[in-house]
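Accompanying notes for the structure given below.
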Amino acid sequence: MFGEQTPHVADREAHVVGGGIAGLAAAAFLIRDGNMPGENVHFYEKLDVVGGAMDGAGNPDEGYVIRGGRMFNFPAYECTWDLFRTIPSLEDPSISVKEEMNEFNEIHESYAETRLVEDGTRLDASQFELKMHHRLSLVRLLLTPEERLGDTRVEEWFDDDFFETNFWYLWATIFAFQPWHSVAEVRRYMYRFLHVFPGLHTLEDIDRTKYDQYHSMILPLRRWLETRGVDFQQDCRVIDMDIVTSRVGRTVERLHYETGDGTESVEVDSTDLVFFTNGSMTDGSDLGAWDEAPETNETGASWELWRSIAEDNTGFGDPEVFAGNVQETKWESFTVTLHNTDLFDHIVEFTDEEPGNGLVTYVDSSWLLSTVVAAQPHFPNQPDDVKLFWGYALFTDQEGDYVEKKMSECTGREILEELCYHLQCEDRLPEILEDVDCVPCMMPFITAHFQPRTPGDRPLVVPDSSNNLAFLGQYAELQRDVVFTVEYSVRTAMTAVYDLLDLDEEIPPVSKHYREPGVLADAVSASFD
């Protein structure tokens, strides 16, 4: 600025607000690629654990909890693999997290035999059931520039019968799209994942971690950061930032935060860096129990902070677009821990799916239930005689088909009773649910990133005129990439670090599989099945 020399990176501090994968990745890139000393990096995380949406907790006695599960794709996720090829595995530090995943997926290849179930019968999900007018709508969507789509909803682009096709059930439950979501985001996903189009019904292009993502990815990354001296402050909620505007731009000068000891603040030098994960898909989530339904919260810490700084700073986005309608952004998941494995065994037999194959969706469920039985064990501390699975539903305010209540009002036991009805074992409820636990989780903002939007609703990773503040995660704007992925978070982190440190490093480009003739031919062929 005006001839001033940028100080050496060793003399600069970095303040990371939010301890999800985006913040952790930013810290790793600061250290690995920017040569910033680890002790100069400071985290502020409102929870008592880092990892954000990539969580996994519990034990066999009290039950396990997974708020959500992440699927991966090895041909894509370019920035994610760039990071995790340099992070050692916890179980075997001689190999990287990426190498551990490679080995696991070579042994546990996904191939779903039963992707869709209706009335207890496996559907032939290879038949996408697309009609010519559906195909034409898809082609028209791909050919329409994103800026022309504006805040158009999916249901405004396709005819009503599109939402009754096998294709939509596959697409909606893999990526968690709803008819009222942004059609511009659907377009991005089609370009990004056109190479997996023919395998939507088998999930054969899906890759997974050995254990839950917290133990397989977050914990190794945190350990790597800790060994380099990174400062983690947990149970620490940042509530405001002092941002000063001058003729040379906007600069964060102070952070205000709350801890158990009260309100404190930390000064931020003009040459220091601030990374903020604005908005969170798991913010405000609430856990229920076997005999208790979760609550539906209307806001969360990251949203409140984003609102606070966006109000007085143009170009910092509009959080209300994403967080202003919980009824459209919420859904509910549930984690089941089984000491009595009858229900687990029944699911495997009913679906003819070995653990680890993927997602089963019950299309006649008024809640649109889906279940995922991961390869066991799914937690490092999970005993051989304890099993677990995870599930979720998109329509949580619909009355059940067996339980005469909205899912959002159901206890863990009632959710399993509804599931057992669709598994056709409701006549065995007392015995099949004995010594079983189910923890429901309501997530009010889990698909907020898919809300219809227009340019400017998401701030740029480094907004124009920002001197030291970068935005990370699903609510920062990147061209062409897709938001409900680990990759998007890691890519925003790499973009932010390389920009603010002015690094002469190339960010791995988003792969353009859609330009490959074979990919195009296979996708067209699949659309006619």
Side-chain angles (χ1 to χ4, degrees), residues 1-45 50 79 82-88 221-233 236 238 241-257 264-278 309 313 459-473 476 478 489-508:
M1 293 180 290
F2 292 91
E4 294 181 16
Q5 288 189 336
T6 302
H8 191 274
V9 70
D11 299 322
R12 307 173 78 177
E13 304 279 322
H15 303 272
V16 185
V17 181
I21 181 61
L24 295 171
F29 292 132
L30 284 167
I31 296 168
R32 191 195 74 176
D33 301 335
N35 295 314
M36 180 174 283
E39 59 267 23
N40 291 16
V41 181
H42 311 280
F43 270 90
Y44 307 85
E45 168 54 49
V50 299
C79 296
D82 182 273
L83 171 61
F84 282 100
R85 66 176 171 77
T86 60
I87 304 300
L221 182 52
R222 172 166 183 158
R223 292 280 175 85
W224 188 90
L225 295 171
E226 285 180 327
T227 60
R228 284 152 180 80
V230 171
D231 168 38
F232 286 93
Q233 299 184 57
C236 176
V238 176
M241 300 181 188
D242 292 342
I243 301 174
V244 176
T245 301
S246 69
R247 61 195 179 111
V248 295
R250 289 177 288 191
T251 305
V252 179
E253 293 191 345
R254 184 172 295 274
L255 302 180
H256 301 274
Y257 58 91
E264 302 179 40
S265 65
V266 59
E267 184 177 349
V268 179
D269 190 83
S270 62
T271 60
D272 292 341
L273 309 177
V274 178
F275 301 88
F276 170 39
T277 301
N278 55 304
I309 66 172
N313 290 277
L460 297 175
V461 173
V462 180
D464 295 336
S465 78
S466 174
N467 291 324
N468 67 345
L469 172 65
F471 292 98
L472 307 177
L478 285 175
S489 293
V490 177
R491 185 174 289 274
T492 60
M494 182 179 278
T495 302
V497 170
Y498 287 16
D499 187 318
L500 289 181
L501 288 184
D502 196 23
L503 297 182
D504 187 19
E505 300 274 355
E506 182 180 359
I507 297 172

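When all heavy atoms of Ala493 and Ala26 are compared, the pair lying nearest together is CB-N, 3.5 Å. Scanning all heavy atoms of the two residues, the minimum distance from Asn40 to Ala10 falls at ND2-O, 2.9 Å. The heavy-atom pair separating Val461 from Ala476 by the smallest distance is CG2-CB, 4.1 Å. Contact record, Gly19 with Val50: O-CB, 3.4 Å, taken as the closest heavy-atom pair. Annotation for Val9 and Pro37: closest pair O-CD, 4.1 Å, computed over non-hydrogen atoms. Closest heavy-atom contact between Arg32 and Leu83: NH1-CA, 3.8 Å.
Interatomic distance, Leu472 CG to Arg491 CZ, rounded to the nearest 0.5 Å: 14.0 Å. Taken from OG1 in Thr227 to CZ in Arg222, the straight-line distance is 12.0 Å, to the nearest 0.5 Å. In this structure, the separation between OG on Ser466 and CD1 on Ile243 is 8.0 Å, given to the nearest 0.5 Å. Put simply, CZ on Phe276 and OH on Tyr44 are 14.0 Å apart, with the number rounded to the nearest 0.5 Å. How far CD of Glu45 is from CZ of Phe232: 10.0 Å, rounded to the nearest 0.5 Å. The CZ atom of Arg228 sits 13.5 Å away from the CZ atom of Arg223 when rounded to the nearest 0.5 Å.
Qualifying side chain to side chain contact (heavy atoms under 4.5 Å, CB included) partners for Ala27, counting only residues two or more places apart in sequence or in other chains: Val41, Phe43, Leu225. Considering only residues two or more places apart in sequence or on other chains, Val244 meets the side chain to side chain contact (heavy atoms under 4.5 Å, CB included) condition with Glu253.
Asn468 contributes a side-chain N or O that, together with a main-chain N or O of Val252, makes up a donor-acceptor pair within less than 3.5 Å. Remark: side-chain polar atoms of Asp272 are paired, donor with acceptor, to backbone N or O of Glu13 under 3.5 angstrom.
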Evaluate side chain to side chain contact (heavy atoms under 4.5 Å, CB included) for His256 paired with Asp242, printing each intermediate quantity in order.
CA-CA 8 Å; His256 301 274; Asp242 292 342; 3.0 Å; yes
Show the numbers, then the answer: is there a side chain to side chain contact (heavy atoms under 4.5 Å, CB included) between Val17 and Tyr257?
CA-CA 10 Å; Val17 181; Tyr257 58 91; over 6 Å; no
Apply side chain to side chain contact (heavy atoms under 4.5 Å, CB included) to residues Met494 and Asp82 and explain how you reach the verdict.
CA-CA 10 Å; Met494 182 179 278; Asp82 182 273; 3.4 Å; yes
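In this structure, the side chains of Cys236 and Glu264 stay at 4.5 Å or more apart for every pair of heavy atoms. For the pair Met241 and Leu255, the minimum side-chain heavy-atom distance is below 4.5 Å. Between Phe275 and Leu30 there is a side-chain heavy-atom pair separated by less than 4.5 Å.
Residue pairs meeting the side chain to side chain donor-acceptor pair (under 3.5 Å) criterion with at least one partner in residues 494-507, sequence neighbours excluded, are Asp33-Tyr498.
With 3.5 Å as the limit, one finds no donor-acceptor pair spanning the side chains of Arg12 and Thr271.
The only member of Val274, Asn467, Leu469, Leu273 that meets side chain to side chain contact (heavy atoms under 4.5 Å, CB included) when paired with Leu500 is Leu273.
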